[in-house]
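Some notes on the structure that comes next.
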Amino acid sequence: MFCETNPSPKALPLRITTWNANSVRLRGAILRRIAAEIRPDVLCLQEIKVEDAKFPHAMIDPLGYPYRYVHGQKGYHGVAVLSRLPLVEPRFLKWCGREDCRHAVVGLPGGIELHNLYVPAGGDEPDVETNPKFRHKLDMLAGLARHFEDTREESRRIVVVGDLNVAPLETDVWSHRQLLSVVSHTSVEVAALGRWQRSHGFVDALREVVPKEKKLFSWWSYRNRDWQASDRGRRLDHVWLSPALAPALRHAGITREARGWEAPSDHVPVTVDLDA
DNA sequence: ATGGTAGGTATCCTA
């Protein structure tokens, strides 16, 4: 369905990868492998866990990403965009009246608007009355839905990427039944994510390519002895395309083996190819 | 039902 039309005679091949690095300063070796083996044109990072002034630019200089937008803070959260292509009007958005660095927006050549997001994990208890982190997560998802609904414009060519910290489908977790009351897969979160997705008619790029019946994960906890053997994963990292951009989708995939690389993040890279 | 590991930071918080 996504190969029927060529949206532009001068379509630009564009590979975008999203990855929750879980501390960018510890991931030099993995960043080198992503640059060499996945070779994205644009690499979106979440949980860089570093303030802008201490971002490891020297470590990234050899990788061929001269255009960078860093939106970080000390210790927690933080997002960054590394690009081979110029970034147009890079900026950040704030949510829930907080100073958290969770959302960067950059323009790419061809009029593409790229949103790089880190949604709160939400703590342990899926109860907004007792757990302020869960309330924050639902508030941010609701705020994003409102924002994209209020600014909806069918011609906008939008890519939303990031760690959205919700696994929406039954096959996005290792056990739907056992995770129904575990934060990331509760019905209230899935509904909130769905409202945001529908607010702008976003297409879930990975599920355009991988059938919904097939299990698909992008995160495996550090707390399992053997992530590969137990395979208790979840799909928390996503790429969405606006309706105007969805026909440009050519491929999408998850670099599962990166979970087994030396000194891994608990998340692996998720990549899409567009003819944009 | 529980605890398991990793990262930032400076004593526990977050995931």
Side-chain angles (χ1 to χ4, degrees), chain A residues 18-31 33-34 44-56 59-60 70-80 94-96 98-103 116-128 130-141 161-168 172-175 177-186 188-190 192-193 217-238 256-270:
Chain A
T18 178
W19 182 49
N20 178 322
N22 188 19
S23 178
V24 68
R25 286 176 292 182
L26 292 182
R27 308 297 176 212
I30 296 194
L31 285 167
R33 290 192 71 167
I34 290 173
C44 295
L45 303 174
Q46 303 88 36
E47 276 206 279
I48 60 174
K49 292 187 174 180
V50 67
E51 59 203 277
D52 295 2
K54 294 185 178 175
F55 189 81
M59 182 179 91
I60 288 161
V70 179
H71 177 49
Q73 65 185 88
K74 184 176 178 179
Y76 305 103
H77 327 313
V79 292
K94 296 216 173 287
W95 295 100
C96 310
R98 294 174 182 245
E99 295 304 306
D100 294 8
C101 299
R102 297 182 179 275
H103 188 174
N116 179 19
L117 278 138
Y118 176 53
V119 170
D124 289 331
E125 272 296 316
D127 180 344
V128 294
T130 60
N131 176 4
K133 289 187 252 184
F134 194 66
R135 181 185 291 271
H136 177 209
K137 180 178 196 174
L138 293 181
D139 285 350
M140 181 162 164
L141 291 169
V161 308
D163 178 1
L164 307 186
N165 263 317
V166 180
D172 289 335
V173 292
W174 64 274
S175 168
R177 188 180 57 82
Q178 287 178 260
L179 288 176
L180 268 172
S181 59
V182 173
V183 172
S184 72
H185 193 58
T186 64
V188 60
E189 292 166 86
V190 171
L193 188 78
F217 310 143
S218 66
W219 172 90
W220 292 261
S221 172
Y222 284 127
R223 298 178 189 180
N224 289 317
R225 287 175 204 290
D226 186 335
W227 71 274
Q228 208 159 16
S230 56
D231 199 20
R232 295 187 167 191
R234 307 176 200 170
R235 187 171 70 107
L236 305 178
D237 304 274
H238 299 270
R256 178 185 162 99
E257 64 271 23
R259 186 62 179 77
W261 292 352
E262 184 72 22
S265 167
D266 43 357
H267 296 253
V268 299
V270 177

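The basis for the numbers below is simple: all heavy atoms, side chains too, and nothing from hydrogens, waters or symmetry mates. Below, read A as the first sequence line, B as the second, and so on, with proteins coming before strands; counting in each chain starts at 1.
- Counting any heavy atom pair closer than 4.0 Å across all strands shown, A:Arg232 reaches no nucleic acid atom.
- Ring geometry for A:Trp220 against A:Trp227 counts as perpendicular: the plane angle is over 60°, on a 0 to 90° scale with 30° as the lower cut.
- Distance, A:His77 NE2 to B:dG7 C1': 13 Å, rounded to whole Å.
- Crowding of A:Lys94 atom NZ: a count of heavy atoms from other residues, nucleotides or ligands under 6.0 Å exceeding 12.
- Cation-pi check for A:Arg234 over A:Trp219 is not met; the charged atom does not lie both under 6.0 angstrom from the ring centroid and within 45 degrees of its normal.
- Atom CH2 of A:Trp261 is separated from atom P of B:dA6 by 19 Å (rounded to the nearest Å).
- Atom OH of A:Tyr76 and atom C1' of B:dA15 are 10 Å apart (whole Å).
- When the nucleotides B:dA15, B:dA6, B:dG8 are ranked by their closest atom to the side chain of A:Ala121, B:dA15 comes out on top.
- Taking atom C1' in both B:dG3 and B:dA15, one finds a spacing of 15 Å when rounded to whole Å.
- Position along DNA chain B of the nearest nucleotide to A:Lys133 versus A:Asn22 favours A:Asn22 as the more 5'-ward residue.
- A straight line from NZ of A:Lys49 to P of B:dA10 spans 14 Å, rounded to a whole angstrom.
- In terms of modelled atom types and a separation under 3.5 Å, the side chain of A:Arg25 and the main chain of A:Lys49 share a donor-acceptor contact.
- Taking atom CD1 of A:Ile30 as the reference point, atom C1' of B:dG7 lies 14 Å away to the nearest angstrom.
- With rounding to whole Å, A:Arg223 atom CZ is found 13 Å from B:dG7 atom P.
- Rounded to an integer number of Å, the gap from CD of A:Gln73 to C1' of B:dC13 is 13 Å.
- Along DNA chain B, the nucleotide nearest to A:Arg225 and the one nearest to A:Arg25 differ in position, and the one closer to the 5' end is contacted by A:Arg225.
- The gap from the C1' atom of B:dT14 to that of B:dG4 amounts to 16 Å, rounded to the nearest Å.
- Using a 4.0 Å cut-off, no side-chain N or O of A:Lys74 falls inside it from OP1 or OP2 of B:dG8.
- Regarding A:Gln46, its CD atom lies at a distance of 20 Å from the P atom of B:dT14, rounded to whole Å.
- Summarising the local packing, CG of A:Asp124 is surrounded by 12 or fewer heavy atoms from other residues, nucleotides or ligands at distances under 6.0 Å.
- Comparing B:dA10 with B:dA6, their P atoms sit 22 Å apart, to the nearest whole Å.
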